[in-house]
Amino acid sequence: MYGWIWRHLPGNAWVRSALSLLLLLGVVYLLFQYVFPWAEPLLPFNDVTVDGQQ
């Protein structure tokens, strides 16, 4: 997959590296802004089964 992306980016190695970094930053931005907030209520992180009473 990464080889396919690298071959389809235009320019020399420096331009491809910069474009790859921009693509990576764009994916991270989309994950943090849209995917993780959408998925957070579906995850069981706040389902506590241990109470404080003895």
Side-chain angles (χ1 to χ4, degrees):
M1 179 174 85
Y2 300 113
W4 182 88
I5 294 171
W6 185 259
R7 285 190 304 271
H8 286 84
L9 289 174
N12 58 16
W14 289 105
V15 173
R16 289 179 180 180
S17 297
L19 289 174
S20 296
L21 181 62
L22 287 174
L23 283 173
L24 177 68
L25 291 175
V27 167
V28 169
Y29 174 79
L30 289 174
L31 284 173
F32 275 99
Q33 292 297 316
Y34 299 105
V35 176
F36 294 154
W38 168 81
E40 191 269 332
L42 305 173
L43 299 174
F45 294 135
N46 292 329
D47 294 343
V48 179
T49 59
V50 178
D51 57 2
Q53 300 176 5
Q54 291 186 10

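- The nearest pair of heavy atoms linking Leu9 to Ser20 is CD1-OG, 3.4 Å.
- By the rule that hydrophobic residues join a cluster once side-chain heavy atoms approach within less than 4.5 Å of another member, Val35 and Phe32 end up as members of one cluster.
- Closest non-hydrogen pair, Arg16 versus Arg7, comes out as NH2-O, 4.2 Å.
- Hydrophobic clustering places Leu19 together with Trp4 (ILVMFWY residues linked when any side-chain heavy atoms are closer than 4.5 Å, directly or through intermediates).
- Clustering of Ile, Leu, Val, Met, Phe, Trp and Tyr by side-chain heavy atoms under 4.5 Å joins Trp38 with Leu42.
- Linking Ile, Leu, Val, Met, Phe, Trp and Tyr residues whenever their side-chain heavy atoms come within less than 4.5 Å leaves Leu21 and Val27 in two separate clusters.
- Note: Leu22 CG to Tyr29 OH = 14.5 Å, rounded to the nearest 0.5 Å.
- Using a 4.5 Å cut-off between side-chain heavy atoms of Ile, Leu, Val, Met, Phe, Trp and Tyr, with links allowed through other members, Val15 and Tyr2 fall into the same hydrophobic cluster.
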